[in-house]
Amino acid sequence: MVIGIDDTDSREGMCTTYLGALLADEISAFGEHVGDPLLIRLNPTIPYKTRGNASVAICVRCRNPGKVIDHVVSRIESLSIMECENTNPGVVFVLESDFEVVKKELRSFFRRAVRDVIGIDEAKDLADKLSLKFRAFKNGRGLIGALAACGAMLNPGWDHTYEYLAYRKKEVWGSRRSVDSGSLYEADDCTYPETWDSVDRENNVVVCVPRSPDPVLYGIRGNSKHAVKKAAQMVRSEDIERSCIYKTNQGTDMHLVRAAGVDGVEAMHSYILEGTVENAADTIQGGHSIFVLKDDSGQSIDCAAFEPTKNFRDVVRELLPGDRVVVYGSVMDNTLNIEKMKVLSLAEKLEKRNPGCPSCGKRMKSAGADQGYRCKKCGTSANEAETVRRERNIEAGFYEVPPCARRHLAKPLVRFTDSENTLFPAR
Ligand code: ATP
């Protein structure tokens, strides 16, 4: 049986991944796990999300599915933060006998939940149509993520990574976390590039330890179970209650759709979009840098590197009109929020300067408005300014936001292969 769960937490506490890890451990008493538990990240622009728009799925082989269903439902009822207006848990159970019948429709629902915006009624209609067992609490929004997670479990062919999540003991939830940051840097040293985003070296911050009051102590992301486990074994921290290695679509760019042009681009969707820089970046109040990108049909869109993207803004500020780029990111309020960018080609940076005197070699002075240039010493003159080509402080290639600003779904350059033709940061 596949079990999909979503929307059990609030900003004040809990975390659906914790409930998933707890249930994965408890369900071992009822049967045996099939494959890895899944942590699925859905459309990152959804406003109802608590933090990272996650849902989870578990697959278990058991003699008595009814018992498992009762146990899961009672745990969701007792552990979800039901009093929070924005917490609307959903859980879906797909019995093995139904796998083949429901697989295809749940696959496309999963894909859409990562990229599109789905209504609660659509999710309920699909669960009814497929005769799935489910429970939708309160307004039932959690059903969307729960169905999507089941779709991911039943269709395992997608690009994936892993995350080792360590959870705190209940009595310390909400208090300051105790994790030795030196040990995280050491773990990163030993396992990068097989793990990534534990620390942000350029900005000197630990990324893998959250600050919110939820049960997560830290999360190590990587390409394999072996790598994340190896890194986690090196972490020195307070005692943990449990841990779980999830298979996940984090770091895969699954949310991005290639857009033919600006015309088809919609809010609350995420794109890969090619175009030409129309205006160099303006840095507005708050430190956000925004430039205008024009597609080949002449339509334009604002592209932003917001303040939290830190040093990535320096790259964006080097762009000049005429540069050809591909931007990757989500569209909100008519602005594409850049996660990474490929500079395809650079325009020439040309500057005008006063011409040199052919006799003494010094720069001539302006002879007055529209009167050209003159060298006072030698008496030589010239009508036109000189045009010089300046070096650009940016090269063609890929650039990405730093780990501290990375979205869960965004694929870090370190995961790109050579054939994807990237320049990824070497250590
Ligand atoms: P956490 O990361 O701490 O688990 P969260 O950020 O996952 O929290 P939720 O509390 O799960 O946030 O809230 C997100 C809500 O949005 C869920 O009810 C989920 O079903 C719903 N949702 C997810 N994807 C979509 C989508 N594509 N369209 C509409 N609703 C969605």
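Order of listing sets the numbers, starting from 1, for every ligand and every atom in it. Along the sequence shown, the residues carry numbers beginning at 1.
Among the atoms of Thr8, none of the N or O lies under 3.5 angstrom from an N or O of ligand 1. Between Asn53 and ligand 1, at least one N/O pair is under 3.5 Å apart. When only interatomic distances are considered, the shortest N/O to N/O separation between Ala113 and ligand 1 falls below 3.5 Å. The N/O atoms of Val114, backbone and side chain alike, include none that comes under 3.5 Å of an N/O atom in ligand 1.
At a threshold of 4.0 Å, the pair Glu77-Arg135 counts as salt-bridged, since one of the basic side-chain nitrogens sits closer than that to a carboxylate oxygen. Between Asp36 and Lys225 there is a salt bridge, with a side-chain nitrogen of the basic residue lying less than 4.0 Å from a carboxylate oxygen of the acidic one. The pair Arg324-Glu274 meets the salt-bridge criterion, with a side-chain N (NZ, NE, NH1 or NH2) lying under 4.0 Å from an Asp/Glu carboxylate O. Under the 4.0 Å criterion applied to side-chain N and carboxylate O atoms, Asp323 and Arg392 are assigned as salt-bridge partners.
Atom 10 (O) of ligand 1 has as its closest protein heavy atom Thr50 OG1, 2.7 Å. Ranking protein heavy atoms by distance to atom 11 (O) of ligand 1, first place goes to Asp6 OD1, 2.8 Å. Ranking the protein heavy atoms by distance from atom 26 (C) of ligand 1 puts Ile46 CD1, 3.5 Å first. Closest to atom 7 (O) of ligand 1, if we only count protein heavy atoms, is Ala54 N, 2.5 Å. Closest to atom 4 (O) of ligand 1 among all protein heavy atoms lies Asp9 OD2, 3.0 Å. In terms of protein heavy atoms, atom 15 (C) of ligand 1 is closest to Asp7 OD2, 3.9 Å. When hydrogens are left out, the protein atom nearest atom 2 (O) of ligand 1 is Gly52 N, 3.3 Å; that is the closest non-hydrogen contact. Here the heavy atom of the protein found nearest to atom 21 (C) of ligand 1 is Arg141 CG, 3.9 Å.
In this structure, Arg41 contributes its side chain and Gly52 its backbone to a donor-acceptor pair below 3.5 Å.
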Worked verdict on Gln250 versus Glu163 for side chain to side chain contact (heavy atoms under 4.5 Å, CB included): CA-CA 8 Å; Gln250 289 170 173; Glu163 180 159 2; 2.7 Å; yes

Pair Asp214-Arg177, salt bridge (Lys or Arg N to Asp or Glu O under 4.0 Å): steps then yes or no: CA-CA 11 Å; Asp214 62 86; Arg177 288 168 173 83; 3.8 Å; yes

Chi angles and distances behind the side chain to side chain donor-acceptor pair (under 3.5 Å) call for Thr335, Asp333: CA-CA 5 Å; Thr335 302; Asp333 302 325; over 6 Å; no

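Atoms of ligand 1 found under 4.0 Å from any heavy atom of Thr16, numbered from 1 in the order shown, are 4 (O). Heavy-atom contacts of Arg51 reach the following atoms of ligand 1: 3 (O), 5 (P), 6 (O), 8 (O) (cutoff under 4.0 Å). The distance from ligand 1 to the heavy atoms of Gly145 drops below 4.0 Å at these ligand atoms: 20 (O). The contact set between ligand 1 and Ile118, taken as ligand atoms under 4.0 Å from a residue heavy atom, comprises 26 (C), 28 (N), 29 (C), 30 (N). Interface atoms of ligand 1 facing Lys49, defined by a heavy-atom separation under 4.0 Å, are 6 (O), 12 (O), 13 (O), 14 (C). Heavy-atom contacts of Asn43 reach the following atoms of ligand 1: 27 (N) (cutoff under 4.0 Å). The ligand atoms of ligand 1 that sit less than 4.0 angstrom from a heavy atom of Val117 are 28 (N).
A ring-centre distance under 6.0 Å is found for Tyr18 and Trp173. With ring centers used as reference points, Phe416 lies under 6.0 Å from Phe398.
To the nearest 0.5 Å, the span separating CD1 on Ile58 from CG on Leu19 amounts to 8.0 Å.
Note on ring orientation: taking the six-membered ring where Trp is involved, the planes of Phe306 and His288 are perpendicular (angle over 60°, cut-offs 30° and 60°).
Asp116 counts as a contact of ligand 1, since one of its heavy atoms falls under 4.0 Å from the ligand.
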